[in-house]
Every structure is written in C-alpha cells, then in structure tokens.
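Step one of this worksheet: look at the structure below.
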Amino acid sequence: MLDLIWLLPTFPLLGFLILALTEGKLARGPAGWIGAGSVGLSFAVAALVAVSFLQSGIESHTVPIWTWMSVAGFDPGVNLYLDGLSLVMILVITGVGFLIHVYSTGYMADDPDFSRFFCYMNLFVFAMLLLVLGDNLLLLYLGWEGVGLCSYLLIGFWYDDPYNGYAARKAFVVTRVGDTAMAIGLFLLFAQLGTLNIQEMLHAAEAEWPIGSTLPAITALLLLGGAVGKSAQLPLQTWLPDAMAGPTPISALIHAATMVTAGVYLIARTHTLFELAPDIQLLVAWVGLITLLMAGFTAMTQNDIKRILAYSTVSQIGYMFLGLGVGAWSGAIFHLMTHAFFKALLFLGAGAVILSLHHEQDIFRMGAKRKQLPVGFLCFLIGGLALTAFPYTSGYFSKDEILIAALEVEGQGLWLWLGGVIGAFFTGIYTFRLFFVVFFGESRGHHDAIEVKGLNIAVPLFILMALSLFGGWIPVPLDAVFSHGAEHEEHHISAFMHGVMIALPLIGIGISYLFYGSGTFSVEKLMSLPASRALHRFWDSGWGMDRLYDLLFVNPFLYLARVNAKDIVDAFYDMLAAISRAGHLLIVRTQTGYLRWYALSMAAGLVALIAVGVLL
Amino acid sequence: MFTFAVGSALSIASILLAVIVLAALLIWVERRMLSFWQERLGPNRVGWFGIMQVVADMIKIFTKEDWVPPFADRLTFVLAPAIIMIVVLMSFAVIPFTPEVGVIDSNVGVLFVLAMASLGAYSVMLGGLSSNNKYALLGSLRAAAQMVSYEVFMGISLLGVVVLAGSFNLREIVETQADGWYIVPQFIGFLIFLIAGVAESHRLPFDIPEAEQEICAGYHTEYSGMKFGMFFVGEYLGLVLISSLITVLFFGGWLGPAFLPPIVWFSLKAGFFIMFFILMRAALPRPRYDQLMSYGWLFLLPLSLLNLLVTGAVVLVSTTATM
Amino acid sequence: MGAIPVEHGLILAGILFSLGLIGVLTRRNIVFVLMSLEVMLNACGLAFIVAGSRWEQADGQIMFLLILTLAAAEVAVGLSLIIQMYRRFQTVDINVLSELKG
Amino acid sequence: MMLLFYLAAAVAVIATIGVIVQTNIVHALIYLILSLLAVAVIFYVLGAPLAAMLEAIVYAGAIMVLFLFVIMMLNLGQSTRQQERAWLAGRGWIVPALLAAVLLGQLLYVLSGVEGMSAAEQVGVMAVGTRLFGPYVLAVELASILLLAGLITAYHLARKPKAGDE
C-alpha cells in the first residue's frame, strides 16, 4: 500500500498534461472534473497511505521510482520518501488543495480561462507534492522552483492588467533572491557531504560536524535564506501582499495553505542542521518574531480584505518560524496544519464575500453584511476565532505549543514568549476589526448584495469550518521524525502565564469591538493626532519596506549607474580605451571577415602547437 | 570476417542469376495478374500463356538506342541506374534463403540491408538531377524526401525484431523464430515495415517520384534502352528483396513443416508477398505528396517508436524476471 | 582479420584530415567547405576507430558514434544556414559573407 | 585483409582528392560518398562492424543525401561549374597546400612513433551497445540534446521568413 505514493504526484501531473495538451479546448465541465478530480484522487491515495503508514508503525519508507543517470557517484534518483513529516504535508496539500479545487470550480465558473487555471493548479499541486516527497535535494529543488513558477503563473493569471504582471514579477524576483541563497546552500551541502539524499546527508552532517562549527552555520543560514524567501519572512516578505493580485482561490491555496509553508517544511526537514547551528536557530526564532509583530501592526491598518489576510498569513508563518527557532518542531508543523485549515477558510470566505459584492475588496465599503452573507459571516466568525487562538479552536492548541516552547528557551525565552503573546493580542485586534467592519455597523455600499450560491462553494467552506474548529484534536505523527531532538515532555507553566496567553487575544477582540463594533471609541479621534496618522501611514505601507528597498538597493543602483556615466574615473578608462583601440587597430587587420582566413589561422595555430609539443 | 555459408563463386552466380531472372519474369507476372484483376487478358500471344513476352521485351530493350541526352551530366547519368542494380543485388548477399543457400552470414546483416537501402536513394536522386529536366528534378526531390523519411521508420520497425532476436544476423533471426514467427509479437512493426518497404521501392501506391500523370514519369523521364531497363528491373528486384526480407524477419524464413524442402517454403512465403504487392498496385490509389510525408512523420514515426519502446520494455522486464 | 599496423591507420587519418583542411582553405563555394569539413570530421572518427581496434575496446566506436551525431547536427544547421544565405545573397560564395570584420 | 585495407585506403585518399579538386559539385559529392564508403570498409577491416554500417547508413546514406538535397534545392548542378573553375584558378591554393603539407609532416612525425597492431577480434554491436548505455549514458543524453538543438535550429533557420519578419 505504501508503494502507492508514486500515484500521488502522478494524478495532478496527468491532470496538468491533459489540460495543457488540450490547450483550453476542453469544455468547462470536463476541465473542472479533471482539475479537481485528479487532486481528489491524490487525496484518496494519500488517505490510504496515511492509514497503512500509521498502522505499520514504521518510521519512514522510501519508494525508488527511477534513476535518472549514474555518473561517477552522482546518481540522482526520483525516489519518494515518506515519514511523519511528509505524511502531514501531503495530507494538508491534497486535502486542503482538493477542497480549494472544488471551491474553484464554483469561483472561477465564469472565467474565460477556466481550463488554464486548473492546469496551473494541478501543476502546482504536483510540484508541491514533489517538494515534500522527494528524498534528495535535487528533487526538492525541482519542486521548490516548480511551485515558484506556478506562483508566478497564477499571480499573473489575469495578465491583461499590467499591475498583476508587476505583482507576479515582484514575487518571482524577490523569492529568487532567497532561492539563490538556497541553491548555494544545496551546492555547499553536496560538495561537503557528497550526497544528495537528504537523510544520508543529515546523518553525515551529524557525524562529521561538531555543534556550533562554521559549516553548519553557513549552510543553515543559506537554507534559511531560501526559506524566508518562499515563506515571506523578513526581509523578503514584501512580495506576499502584492501576490494577492491573483484569483482568491490561489491566495488560499498557494499564499496561505501550502506554498508559503515550504520554507517551514524545509527547515523542519533539515532540522538536524539547525540543531548543529544553535545561533542560526535562534536567528530563525527572532526572524519569525519580528516578522509576526511587523505584519501584525501592518494588518491593523490595511483596508483591502485580502491584504489583511495576507499580512496575517505573514504573521502566522512568523509563529511557525518562531516555533522552529525554539525547537518546537512538531508545534510548528502542527501550526502549519491548523493554519492551513483556518487560513484557507478565511480566504475562501473572503472569496465568497468578494464575489458576492462584485469584486469589492475594500472593507470600508461593506458593512452590516451578516444578514446578506450568512455563510461568509460564519466563515469569518469561525476562522477568526481559530486565528486568534480562541480556547479550544484549532489555532489555540498549536499556538500554545509554540509559545510554551518559546518560554523554555534559556536566556531570551521570556522575550520571545512576550513578543509572541503581544503578536496574538494584535491578531485579535486586526482579525476582529475586519470582522466587525464587514459584518456589523451600517452598510456602506452594495446594499442589495446576494450571496453566491452553489454546493461546490458551500461544501468546502463547511468542511473547512469543521476542521478549523476541531482540527486541534488531530494527532500529528511527528514524534518519530523529531524524537532524537528534545524529548517530548510535559510542559510546566504557571497558571498566570497561561492565563495571560488566553486573555490577551480576548482583550484584543474586546478592543476591536469597542472601536469597530460598538463605536465606544472613535477611530477618527485617534486619527486626529498627527503622530498616530504618521504611524498609520508607516504601518500601512508595510513598515515602508518597499520604500526601504527602493532606498537601499534600487536607488543607489540607479544613482551609481547615473553617476558612473560621466565621472573622473572615466579618464583612466579612456586611456585604457585608447590603448586597446591602438591594439585593436593592429589586430583588426587580421579580422578580414573571410572565413577561410580564420580557418587558415586556426590551422596555423594547430601547426604551431604541434611544433611546440614536438620540440619540447 | 565473412563466414561463407556456401561460399563458392558458383552459388553466388546462381543466386544472382536466379534473382535477376525472377525479376524479369515478374514483369510478365505483374502484367498478367493486373489484367486478371482488371478482367482483361494481358500479354498472351508470345509463347505459352505469353511467357515469352519477357524475352521479347528483353530483345527490344537491348536493341534500343542507348541514348544520353546532350544536356545531361554524363557520368552521373550513367551511374544512376547502375547504383540501384548494384545496391539491390548486394542486399541479396545477406538474405538467408535456406540453411545452406546464402552468400554471406554477416553479424550485421540487418544493418547491411539498411545501409544498402539508404544508398539506393542516390540512384533516384542522381538520375533525376543529372537529367537536367524539371520533371526529373521534381521527381528526384520527391524521391529524396520520401526515401530518406521512410528509411527512418523502416529502420526503427526492424529494431523490434532485432530486440526480440537479440541479433543483427538474419540467419539467427530466422533460427530464433523456430518457436513462433515474429509476425505475432511484432505485428505493428510488420505493418510499418510493409508500408515503408513499398515506399522505399517506390511502387504504387507510393510511386510519387515517378507519377506519370503528374510529373511525366519523374526521375527516369530521360532514360531509355538498357539504362531504363536497369531502373525497371531494379524496381522488381526491390520488390523481391522486400518480400524476402518480410519473409525472413517476420514469417520465419525457410521454416515450415518438413514435408516441403526449406527453399520451397521460402519461395512460397516470398511469392505470397510479391503477389500481395501486385494486388496492392491494382487496388489502391496514389496519395498526395504532402499526405505521404505527414502520414509518415506524424503517424508512422510515433507508432514505430512506441512499438520499439514497448518491445524493449517487455523484453527488459521478462529477461530481468527470469534472471 | 586485423593485424594492420596502427601507425598506418593513423597516417591514413592524418592524410584525410590534411586533404580536408586543404579543401576548407581553398574552396570558395560554401557547400564545398562544408563537405571538406565532413572529410575532416570523418578522419577524426577514423583515428578513434583505429585506436579502439588497437585496444580491442568499444570506446573507439562510441566516440565515432558521438562524432557522427555531431556531424549530423552540424550538417543540418550548416545546410539550413546555406539555404538562408542563398535566399539572402543569391550566392554560395563564402567571401560575400565578409561583413563581420573589425 | 591487409590487401583490402590498403586498397580501401588508396580509394579513400584518391576519392578525397577528387572531392577537393572537382569543379562539378555533384561529382564531388559522389567522390565524397565513395570516400566514406571506403572508410566504412576500413572500419569493417579494423573490426568495427557497427561503425562501418553506421558510416554507410548515416554518413553516406543520410548526411550526404542532405547535401544532395540542398544542391538540388538551390539548383547548383552544372551551372556553377564555370564559376567554380574561375574560383579555383589563381594561386589561392598554394599557402593552404603548404600549410597542410607541414601539418601532415608533423602528423607523420608524431604518429610514426606509435607501435602496435590492430586487433584480430571484432568488437560487436552488443559490446558497443552495453558500453554506450552503461558508462557512456551521459554522453548519449548530451548527444540527444545536441540533436534536438540541431533539429530545432535547422527547422527555424530554413523556414521561409513570414510576411511580418524583417
């Protein structure tokens, strides 16, 4: 049964090939069936595999499929590797992916490029499965770049609008910065450890490298570079909010549930390396913490419903990084899973709202929509509660695990914990700000909106609601993967700390109610202060990161280019140019343009070479 | 290097003679059969059932003026008909007629046949080119494209048999068919080889290089007398060659129940295919040139590659299973 | 069979190579140039076969196969370039193509 | 066998000389084919039957047909003879001939030190095939990529320019 996992990537690949080769000539019906069905079949296989994997009780299983070539010890194979980690990942990818595909058949029903959409989606699922199932770095990298490509294609899906193309390019280029670092890291690992197989490589690293030495630090840092690029963490987070230009199901699938978690997966997969480099691991924690706080602040100031969710995604992935950094490997992956549930729910709910309101995305032009959009209301209520870690929703369990683990880090633990809790507080504020503004208060537009109907939209939403509420009780079979690290022990934490962790998000909800629900406090009054206006502008622009990068990289480059056009250094180069021109005038006589002349010189050179060889 | 099966000059000479006489006889057979299928009489005046018609034709062809057009390129013009004769007769060298009869027993027999077939293209091309005549040039351009293209599928379709037999030696290929002819596992290969074979010998329905109605007999427009006769006989030799090859590769060559001697079995099988080709000429219309090319590249090539791939996979799996 | 001195085979390859070189250098018709190039490539292949025969190894033939592949690709591209050239300049004189000079 | 080798070698050299001095391009091509076939015979004598057959099939049979095809397409047949004669006239051949002679001298000098006899055994198709798809599989992959690139390039270059181009 376990050998069936080769079917997992095969179905989406077949779906992609069929849809690509029919060039969009397929009718919507069959195209939707193929697109969603292939992922559904994958999910069925994944479920079968999961059952038999858990029953068998083995730690890991490798399925060799094919060896591409075998040259001088370099034998990259297409081998699939299954363990607890990849099991969780494939279940999330195919499960949530399937729901989103079904949802998309409704959401994209009127789009002229229906079949192209599913074509890209299937390719994406294929690449993502390859990423998490590959047992060697080459396959992982193939999947990694494959999802990057799909992300580019899908963000720019509506390529008629130049802005979408810009957003797609930005996502591609920014993640490429991280990918370059990662590629160098992979080369370094291969060069140093001599194997591409991830497990062998990790064992070799453990055996050869002492803890805290330079090489693991460098490789871990480079891999972290790749991870922050793909997972939209500081300093490469700027692409994700712009990536909301794509269709909403894409935002749900790629930019919330699966692709952006690839960085988390990468770090979890190579966690041995990070354990060998404690400094870098701590860096991971701080990157996550700072990102989650910055994204939290920014989310509070946004007006676009999807951008709020995008910043919240950045922030939640920050939590995962925090978890990874403090050694709560299973906690991070657990949070990855629950986050996939409720963030997919929120995005799909947002999609339903947007579609119902004729592609309106500004929350301040909605208001009082709970009667008109009951399903969307329910989505946001449940998703929002899970996102703010309301007790006993799925987000509560996973976030708890991360924060408790953070507290246990020696030295900086309290700070990390405090940051995480404050982040949770902001999560409460921005999530329910969105909620109250959209669904309560007075209607500020679209008074006669009617909610979109259709089982293929409603059913995935209800399943995701259930998962968001009860997903916290799903047992994650990760102990075998991470067991050799910190032993799984009962956490001891004082009741006060725990109380704080539960209370702060609730206080956040309360504050946002006071501002946006009951109107007790007035936002206008707050905004009348110039300082708060400036702060609002600053946060609204995402801490000015785009401007900062313009300032730091783009403008200096342009400036240098301009300055370099005519400066005194040129004189020196002019001299060089004059010399080389003189040489050129000499040599130009040999450049007759006649091919036979060139051939003659080559032959003469050959003769001379042989002569030298013979004489010496 | 050459292990001579029979080896004597006498046997070589007798095979040569037999093949050429057979080819000449085929001219009469074809005319009789065609007219039979078209419900007319055909040549029936000279000799018994008109069989002496062949001799009469020979006399006519030998005594005609052997004329080289003044505008033609003399060397090439003379060389072209010789090439086809030489090439086809050379191909017969590796054909195993019976366990005893055959000229050479080469380890690369299949490749040798392919090499000769590919050289055969020059005959048509040079003939058309040297004639310095636009119809001839058109004909030879068509022939070049057609023969070079169909050579590819011919080669690939053969490889299925080679994979099964594990040898390029035609004699061994026949011997490995003792427990089953390759027509069964290689039916697709057989079909492709049949079609490609007809195209290689540019007989109807693939006689596009010499289509009388379109390009005035194509590459041999300017030829007459003995040189035309060589082209003519060369075509029939090609027919015999293709039939013999099909027999050897797909129908077990000389193998058959013991009540008939091997040579008779071989002749029966080859004769059947010769008749089949003649019937094809009588029955099928000529396709258009572009149809022929796209049929080859878009249909036969993928099909033959697929056939080879599947055959290879099956052989690989079955050999690794038994090991 | 065999028992031919390796030296003689290599010398034959050398002679053919030199003849091809003369062809490349003297002809102005680009088709001839390409044909002479083929002669040179073929001479290289011959040298490999001779060496392979000397050591009774298949590697020589494999190298020849690779040269064959190279030649096929080279001729395909070269001839299509000739067709382009003829379309543009109505000549096969290689000296016409002398615009790319210093 | 020895005799066959030297005979084929003589044919190859004479035919190759024919290639480089001919003025009629079709005749030159026929000489080239002859030279290639002679080399194929040499391959067979040297115990390389696969190479010999491929030389005949691919080199003499396919690549040269391409040449002939292009000659036919461009109609370079006999009209260019005068031109060739004019182009070959003059002293343009002296320097190349000298250079080639020097090169040949060097080659002879270098190669005359080589000892050894060619093997008596044939290296069969099977041996070549197993090595080709064993240690040389990377080379096969590269060759296939090269052929693909050549195919695409040739298709693209020889295509008639569309109305919009240039």
Side-chain angles (χ1 to χ4, degrees), chain B residues 1-2 71-77 79-80 83 86-87 90 94 106-122 124-126 128-134 136-149 151-152 154-155 162-163 166-169 219 312 316, chain D residues 1 4-5 18 22 24-34 36-37 40-41 43-79 81 120-129 133 151:
Chain B
M1 64 183 219
F2 300 123
F71 47 79
D73 180 16
R74 200 177 170 85
L75 169 76
T76 332
F77 191 81
L79 199 59
I83 290 177
I86 294 168
V87 157
M90 290 273 277
V94 291
S106 170
N107 277 332
V108 283
V110 175
L111 290 176
F112 185 79
V113 170
L114 286 178
M116 288 302 130
S118 65
L119 292 180
Y122 287 113
V124 178
M125 290 178 77
L126 291 176
L129 185 60
S130 64
S131 300
N132 231 349
N133 165 321
K134 66 182 169 194
L137 187 69
L138 280 176
S140 57
L141 265 174
R142 288 177 171 199
Q146 171 180 336
M147 293 182 76
V148 169
S149 309
E151 233 164 61
V152 176
M154 190 168 169
V162 172
V163 167
S167 167
F168 277 109
N169 187 327
Y219 64 92
L316 191 68
Chain D
M1 272 319 115
L4 193 54
F5 173 82
Q22 265 296 328
N24 185 325
I25 193 161
V26 181
H27 291 188
L29 195 69
I30 294 171
Y31 275 119
L32 183 51
I33 295 164
L34 192 61
L36 292 174
L37 289 178
V41 170
F43 285 175
Y44 202 100
V45 172
L46 289 175
L50 181 67
M53 288 306 145
L54 286 181
E55 173 100 358
I57 296 175
V58 180
Y59 238 129
I63 298 182
M64 292 301 126
V65 167
L66 277 186
F67 271 103
L68 194 53
F69 201 75
V70 168
I71 291 170
M72 282 156 93
M73 268 178 78
L74 304 185
N75 209 357
L76 298 176
Q78 290 155 44
S79 52
R81 253 189 111 155
E121 281 301 306
Q122 278 201 356
V123 178
V125 182
M126 192 80 95
V128 177
F133 286 93
L151 175 75

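Just so we're on the same page: letters track the sequence lines, and every chain starts at 1.
Heavy-atom distances place no part of D/Leu66 under 4.5 Å from chain B, backbone and side chain included. Within the 4.5 angstrom heavy-atom criterion, atoms from both the backbone and the side chain of D/Met64 approach chain B. Using a 4.5 Å cut-off between heavy atoms, D/Ile33 contacts chain B through its side chain alone, with no backbone atom that close. For D/Val125, the part sitting under 4.5 Å from any heavy atom of chain B is the side chain, from C-beta outward, and nothing else. Both the backbone and the side chain of B/Ala145 come within contact range of chain D, with heavy atoms under 4.5 Å apart. For B/Phe112, the parts lying near chain D are the backbone and the side chain together; criterion is any non-hydrogen pair under 4.5 Å. If you measure heavy-atom distances from D/Leu68 to chain B, the contacts under 4.5 Å come from both the backbone and the side chain.
Contact of the B/Leu114 side chain with the B/Glu151 side chain is not registered, since no non-hydrogen atoms from C-beta on lie closer than 4.5 Å. Side-chain contact check for D/Leu4 versus D/Tyr44: every heavy-atom pair is 4.5 Å or farther apart. D/Tyr59 places none of its side-chain heavy atoms less than 4.5 Å from the side chain of D/Leu54. Residues D/Leu37 and B/Leu119 have side chains in contact (heavy-atom distance under 4.5 Å, counting atoms from C-beta outward).
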Candidate pair D/Val65 and B/Tyr122, rule side chain to side chain contact (heavy atoms under 4.5 Å, CB included), full reasoning: CA-CA 7 Å; D/Val65 167; B/Tyr122 287 113; 3.7 Å; yes
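Ranking B/Leu126, B/Leu79, B/Leu141 against chain D, the residue ahead of the rest is B/Leu141, based on heavy-atom pairs under 4.5 Å.
Here the OG atom belonging to B/Ser167 is positioned 8.0 Å from the CE atom belonging to D/Met126, to the nearest 0.5 angstrom.
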